[in-house]
Amino acid sequence: MSDLLYVLLTLASFAGLAMLAGVIDRYLTDPDPEPDEPAAATATATATAEVTR
Amino acid sequence: MTALSPSPAPSRDGDDHPRRAGTVGGTPVGFGRRQLLAALPDAFRKLSPVALLATPVMLVVEIGAVATTVLSIIDPSTLGWMVTVWLWLTVLFGTLAESVAEGRGKAQAASLRALQAETDARRLRPDGTEEHVPSTSLHQGDLVVVEAGERIPGDGDVVEGVASVDESAVTGESAPVIRESGGDRSAVTGGTEVLSDRIVVRITAEPGHSFVDRMIALVEGSERQRTPNEIALNVLLASLTAIFVAVVGSLYFVADYSDAHQSVLVLTALLVCLIPTTIGALLSAIGIAGMDRLVRRNVLAMSGRAVEAAGDVDVLLLDKTGTITYGNRRASEVVAVGGTVQRYLEEATVLASLADETPEGRSIVELLEGVQPEPLADAVLVEFSAATRMSGLDAAGRQVRKGAASAVEAWVRAEGGTVPDDLAPAVQRVSELGGTPLVVADRVGTDAPRVLGVVHLKDVVKEGIRERFEELRAMGIRTVMITGDNAVTARVIAAEAGVDDVLAEATPEDKLALIRSEQRGGRMVAMCGDGTNDAPALAQADVGVAMNTGTMAAKEAGNMVDLDSDPTKLIEVVEIGKQLLITRGALTTFSVANDVAKYFAILPAMFVGTFPQLDVLNIMRLSSPASAITSAVVFNALIIVGLIPLALRGVAYRPSSASSLLRRNLLIYGVGGLIAPFLGIKLLDLVISLIPGL
Amino acid sequence: MSETAAAFGQFAVLVVALVLVVPPLGRFLAHLYTSEKHLAVERGTYRLLRLDPDADQHWRVYALSVLGFSLVGILFLEAFGRLQQHLPLDIGMSALPADGAWNTAVSFVTNTNWQWYSGEAATGHLFQMAGLAVQNFVSAAVGMSVAAAFARSLARSRAGGRVGNFWADLVRTVVRVLLPGAVVGALLLVAAGVVQNFAAPRLVTTLDGGSQAITGGPVASQEVIKELGTNGGGFYNANSAHPFENPTALTNILEIFLILVLPFAMAWAFGHIVKDRRQGAAVVSVMALLLTTSIALMTWAEMAGHGTAPQLAGGAMEGKEVRFGEAASALFGAATTGTSTGAVNAMHDSFTAAGGGLAMFNMMLGEVAPGGVGSGLYGMLMLAVVTVFLSGLMVGRTPEYLGKKIGQREMVLVAAYVLATPVLVLVGIATAITANAGLAGLQESGSHGLSEALYAVTSAANNNGSAFGGLTSGTPFWNTLLGLLMLFGRFLPLILVLGLAGRFAAARTLPAGAGTLPTHRPLFVVLLTGVAIVLVGLTFVPVLALGPIAEALL
């Protein structure tokens with residue numbers, strides 16, 4: 001009986017750890033949450049437009 | 001009290017401008033009682049837990065303060081109320097620091113707002129007739145007419161006409177500037193005043209998105225987004241806080257086990273002393289103050305990220321003209337050709353230049369100061385024109401000309417003269433030395449004109465610029481000179497100025513390509529520029545400083561705008577960026593180092609009752625446990641106030657190598673952070689132990 | 001020869017041996033972890049297990065491989081322990097209890113080797129050799145593989161989060177390093193007098209006429225991997241204090257050498273892998289600085305023998321073997337707690353309070369001086385990232401380590417790493433001394449009882465495995481608590497390390513310039529040492545104050 005308990009405890013722990021790896025992976029591969037200056041982005045577009053014009 | 005580089009090169013003109021007349025000019029660099037009082041209401045508003053979510057460290061302090069308040073109400077004691085009051089003060093000092101930092105921008109914002117007062121705009125209809133509309137209803141692409149005495153209703157480019165414009169309200173520079181259609185001086189800012197003439201402006205900004213709007217948002221800090229490094233530091237601080245929560249939480253149980261029960265009040269006091277409150281409280285103030293320091297130098301950063309990036313810059317692209325050399329060439333020597341007597345040549349050169357008010361002309365007169373030719377009768381000035389490319393004098397019986405070699409040669413030949421054989425080598429030599437040759441010729445009576453000699457106009461490298469480049473090199477920053485000159489000329493100037501590299505005959509595309517290739521190598525690039533041509537490069541660069549005199553396209557592409565339009569400013573921008581980062585690192589180190597002393601104060605105080613032997617750790621010999629705990633808490637709060645000026649000013653920074661910077665800052669803020677609280681807590685204890693009931 | 005001279009003498013021998021062996025071994029390891037060639041026996045293994053040793057794994061795949069491999073190891077070992085009485089060579093031992101089997105399985109798979117039981121009284125030969133010893137090899141190899149993956153990630157630029165192949169790392173470490181090392185080491189140990197046989201327990205008549213069963217067995221072969229893989233699980237309960245495991249001063253120094261050689265060599269290999277030997281030398285220096293300091297302090301604490309009992313007895317010899325003496329016991333103690341070995345040649349419970357406190361502090365450092373095989377290196381590198389973050393700011397640049405920017409996401413991983421083990425220890429100690437079942441295991445009360453519990457949870461969460469003694473831990477409560485601490489103390493940091501490795505491998509490597517903070521200079525070495533000490537000090541001083549410090553100041 002308690003054997004089963006420990007096996008389940010082990011499985012649950014490892015499932016948690018595997019999920020953690022997944023969470024970290026998603027966190028690392030998400031597009032940059034750091035706001036990338038919208039001002040600069042539009043400026044680049046404007047500037048490119050100016051040059052191509 | 002500026003902490004920046006102590007070697008102000010004389011060339012850094014604009015450095016001493018009164019900052020933004022009427023707005024910043026009077027603000028002292030430190031902070032005074034008035035500023036503190038003015039910031040108080042806002043500081044109280046920021047006590048809201050929602051506002052504190054952004055700084056987990058201070059949120060923990062506030063939760064602690066609430067807890068001790070409740071505990072003190074239930075079970076009042078002198079110690080309880082002392083701790084409670086000082087915990088609240090700790091939070092308040094943190095929000096106060098932020099408010100003070102923001103307050104400095106608020107004053108500027110107020111005066112900028114005055115520029116936005118709605119004015120009457122004269123919009124041109126497609127058929128060319130005018131209509132009067134309020135300035136707030138102007139849209140991109142609208143054409144408006146502005147005449148002398150009127151305010152420009154919105155940001156835009158001059159498409160027709162020339163005018164002198166008073167931009168002092170934005171730049172603080174009182175001398176009017178010329179704005180004209182076409183070219184790189186076409187941008188006008190809404191709210192500035194036209195002093196003369198009439199211009200037609202094409203509006204480039206939608207209402208609410210003008211340059212002044214952005215300035216207001218920036219200086220007020222309302223658009224402030226926390227920068228990547230600030231966020232990363234916050235993560236570290238949050239994890240330290242979490243560790244200490246675990247430490248103090250487990251200590252509750254461990255103390256119980258050891259029969260040394262600790263009240264929640266004392267544990268809260270310990271927790272607040274341990275978590276990095278100093279840096280937590282000052283972190284956002286440091287960021288705001290960094291932006292503000294740029295504003296004081298008349299540089300507007302469009303994002304805090306750009307300021308941080310400035311600290312990381314590896315390569316500086318600098319335009320030759322105006323940054324490395326004085327914008328104008330100066331005469332350095334006069335060489336006679338064709339057997340002309342030197343004295344005669346010099347006199348003729350002075351005659352040809354006396355009326356020449358261009359900087360080049362004046363430099364010739366300055367060079368030949370001792371030469372005083374007899375004035376010619378009935379002299380008439382011949383102005384330089386693009387057609388003749390010569391200037392000079394026509395007098396009775398004598399004509400003197402100076403100008404570009406080919407133009408003067410053509411004139412001499414056309415009038416029947418001959419060109420001496422040694423002219424070409426002389427001209428060639430000047431060119432090879434990186435200079436510009438001017439040829440001087442004259443004609444006496446009706447004789448054929450004669451070529452007299454060559455004036456060597458030379459680019460003059462600004463004084464002190466070489467030393468600044470050496471500093472930059474010490475900081476690990478490579479300088480690249482950008483010039484339209486040919487490679488030979490460019491190399492001569494580059495060697496003289498001591499830049500690391502040179503990009504000669506540079507087109508805007510070359511610049512862009514250079515930036516891209518540096519970035520591919522993982523380096524961060526900073527540059528400044530003003531023309532529309534520069535816009536792609538400005539946008540590509542990690543730090544792009546646009547000159548305020550430049551075009552709107554350039555200003556929008558860059559992530560900073562220099563209102564003084566001084567390209568040398570780039571160096572200061574880099575220094576300010578570094579200073580910002582150093583201030584953060586130094587105060588974090590200080591904050592963590594402080595903890596050591598606090599342990600020595602609080603741990604013996606907590607446990608000496610159960611374990612008398614721990615009194616050995618009370619190396620400060622604090623008078624009583626209650627007084628020791630209170631002293632540590634009070635010190636912890638007061639150190640925040642004490643460091644607000646440092647946070648606002650930034651720590652002292654002088655350019656030097658990474659190792660020596662680290663050694664110096666470690667010594668001051670690491671070792672200092674270890675020692676200071678021992679002294680501070682001891683002194684506070686001497687006072688606090690006098691309080692009855694403790 | 002005076003005791004002090006002997007203390008210096010054995011230290012000098014150790015230093016010379018390490019200086020001679022570590023650099024070539026480090027170079028060899030670096031080659032091993034970067035080469036693309038397989039040995040024939042390795043290729044056979046891969047084919048047999050249907051593994052692709054050439055796939056460049058994404059960090060998450062690498063991490064899942066580690067987890068899967070370890071999970072299988074735990075379940076297998078747990079079953080083995082429960083069923084050992086049905087298997088050959090059981091020498092009459094019965095099944096381990098459920099909680100004990102689980103604790104032992106977790107303990108050996110996590111390279112902790114905490115032993116709640118007496119080896120000679122609970123485990124048969126087959127379980128020791130085919131169960132525990134196998135994990136002694138592979139759990140060490142797992143740590144080294146992860147460290148190698150981390151080092152490789154720093155050497156890569158824009159590699160899309162790929163950090164190498166776990167199976168290749170694992171198999172190579174076992175085949176090319178641990179097995180040959182164990183063979184050589186075992187021969188040396190046998191030559192020096194360590195027991196190696198398969199005999200059944202032998203009954204002897206003792207001096208006072210009673211009878212005693214002495215279990216022989218494959219001791220030397222277990223002993224060598226116990227040290228080499230910084231495992232620490234002894235054949236006998238007395239561990240390296242037992243005369244069959246560690247008979248002489250010579251075997252003592254040899255065992256200390258075996259404990260230290262791989263952790264240091266891994267740090268040296270790191271320098272080769274990132275193609276800047278100075279970086280490896282800097283890490284080695286920090287480890288050596290911390291270890292030397294702790295050896296010096298511990299030796300001083302033991303030889304000075306403060307405390308009532310030592311002063312009455314004329315020396316702190318309680319719990320120490322006469323054949324080793326105070327200095328050699330302290331040296332072994334520092335080495336075994338500075339690495340994650342946890343083998344002991346004396347009872348740390350009987351160390352002077354200061355000495356016992358130092359042993360705890362060593363473990364609290366997070367096993368970085370020089371730490372477990374592999375885990376010491378990655379632990380130290382994580383601390384280096386924290387140091388770089390603070391000092392990088394102080395030179396006016398956003399921080400970078402070896403050309404990798406330390407931004408928000410990197411910091412989240414590092415912060416979680418720094419947070420994980422201390423929180424486990426603190427939560428563990430709070431639980432242990434609050435629950436009645438926890439208190440029941442403590443032999444003493446007061447400060448010393450606290451030290452016993454603190455030592456146990458610290459040892460478990462940091463995967464050290466050494467025991468303070470005095471704690472009866474073979475109860476369901478302690479077995480479960482310590483098992484969980486060991487499990488999460490091993491795999492939480494490991495996943496965070498691999499995540500950071502993936503992040504680094506995906507990032508571009510920035511060139512170093514004059515403005516970059518140099519991470520190989522003495523200044524940085526001192527700073528990193530300071531950060532390690534201050535960080536740990538600030539975290540654990542309050543608990544230490546109530547345990548060993550309060551006791552030491554008595």
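Here is how names work: the chains are called A, B, and so on, in the same order as the sequence lines, proteins then strands, and each is numbered from 1.
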Do [X] and [Y] have side chains that get closer than 4.5 Å, going by heavy atoms?
X         : Y         : answer
Lys405(C) : Asp312(B) : yes
Leu527(C) : Arg663(B) : no
Phe607(B) : Pro542(C) : no
Phe244(B) : Leu538(C) : yes
Ser659(B) : Pro518(C) : yes
Leu535(C) : Val592(B) : no
Ile582(B) : Val395(C) : no
Tyr257(B) : Leu439(C) : yes

Kindly compute the distance separating [atom1] ([X]) from [atom2] ([Y]), expressed to the nearest 0.5 Å.
X         : Y         : atom1 : atom2 : value
Met394(C) : Thr589(B) : CE    : OG1   : 3.5 Å
Arg226(B) : Gln408(C) : CZ    : CD    : 8.5 Å
Asp256(B) : Thr434(C) : CG    : OG1   : 8.0 Å

* To do: Take Leu390(C) and Leu236(B), measure what side chain to side chain contact (heavy atoms under 4.5 Å, CB included) needs, and give me the verdict at the end.
  => CA-CA 10 Å; Leu390(C) 287 180; Leu236(B) 180 67; 4.2 Å; yes
Heavy-atom distances under 4.5 Å only: say whether [X] touches chain B with side chain, backbone, both or neither.
X         : answer
Ser391(C) : both
Leu517(C) : both
Leu442(C) : side chain
Ser157(C) : neither
Val534(C) : side chain

* Asked: Under a 4.5 Å heavy-atom cutoff, which of Leu603(B), Thr610(B), Thr588(B) has the most pairs with chain C?
  -> Leu603(B)
* **When Val245(B), Val254(B), Leu661(B) are compared by non-hydrogen pairs under 4.5 Å with chain C, the top option** =>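 Ranked by contacts with chain C, first place is Val254(B).
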Does any backbone or side-chain atom of [X] lie under 4.5 Å from a heavy atom of chain C? Answer side chain, backbone, both or neither.
X         : answer
Gln262(B) : neither
Arg664(B) : neither
Leu251(B) : side chain
Asn665(B) : both
Leu240(B) : side chain

* To do: Please assess Asn229(B) against Thr398(C) for the test side chain to side chain donor-acceptor pair (under 3.5 Å), listing each intermediate value before the final yes or no.
  => CA-CA 7 Å; Asn229(B) 175 262; Thr398(C) 57; 5.8 Å; no
* To do: Indicate yes or no for a side-chain donor-acceptor contact from Arg508(C) to the backbone of Arg520(B) under 3.5 Å, with no hydrogens or angles considered.
  =>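 Side chain of Arg508(C) to backbone of Arg520(B), a donor-acceptor pair under 3.5 Å: yes, one is there.
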* Asked: Counting distance only, does the side-chain N/O of Gln613(B) pair as donor-acceptor with the main-chain N or O of Leu553(C) below 3.5 Å?
  ->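 No, because the side chain of Gln613(B) does not come within donor-acceptor range (under 3.5 Å) of the backbone of Leu553(C).
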Heavy atoms only, distances under 4.5 angstrom: which of [options] has the most pairs with chain B? Name it, please.
options                                    : value
Ile406(C), Thr431(C), Val423(C), Thr539(C) : Thr539(C)
Ala430(C), Gly392(C), Gly537(C)            : Ala430(C)
Ala545(C), Gly446(C), Ala512(C), Pro422(C) : Gly446(C)

* Structure fact -> Among residues 449-459 of chain C, those lying within the under-4.5 Å heavy-atom range of chain B are Gly449(C), Leu450(C)
Which heavy atom in [X] sits nearest to a heavy atom in [Y], and how many Å separate them?
X         : Y         : value
Leu419(C) : Ser239(B) : CD1-O, 3.4 Å
Leu614(B) : Ala550(C) : CD2-CA, 4.2 Å
Val235(B) : Ala415(C) : CG1-CB, 3.9 Å
Leu546(C) : Phe611(B) : CD2-CE1, 3.5 Å

* **chain C neighbours within residues 269-278 of chain B, where any heavy atom lies under 4.5 Å away** => none
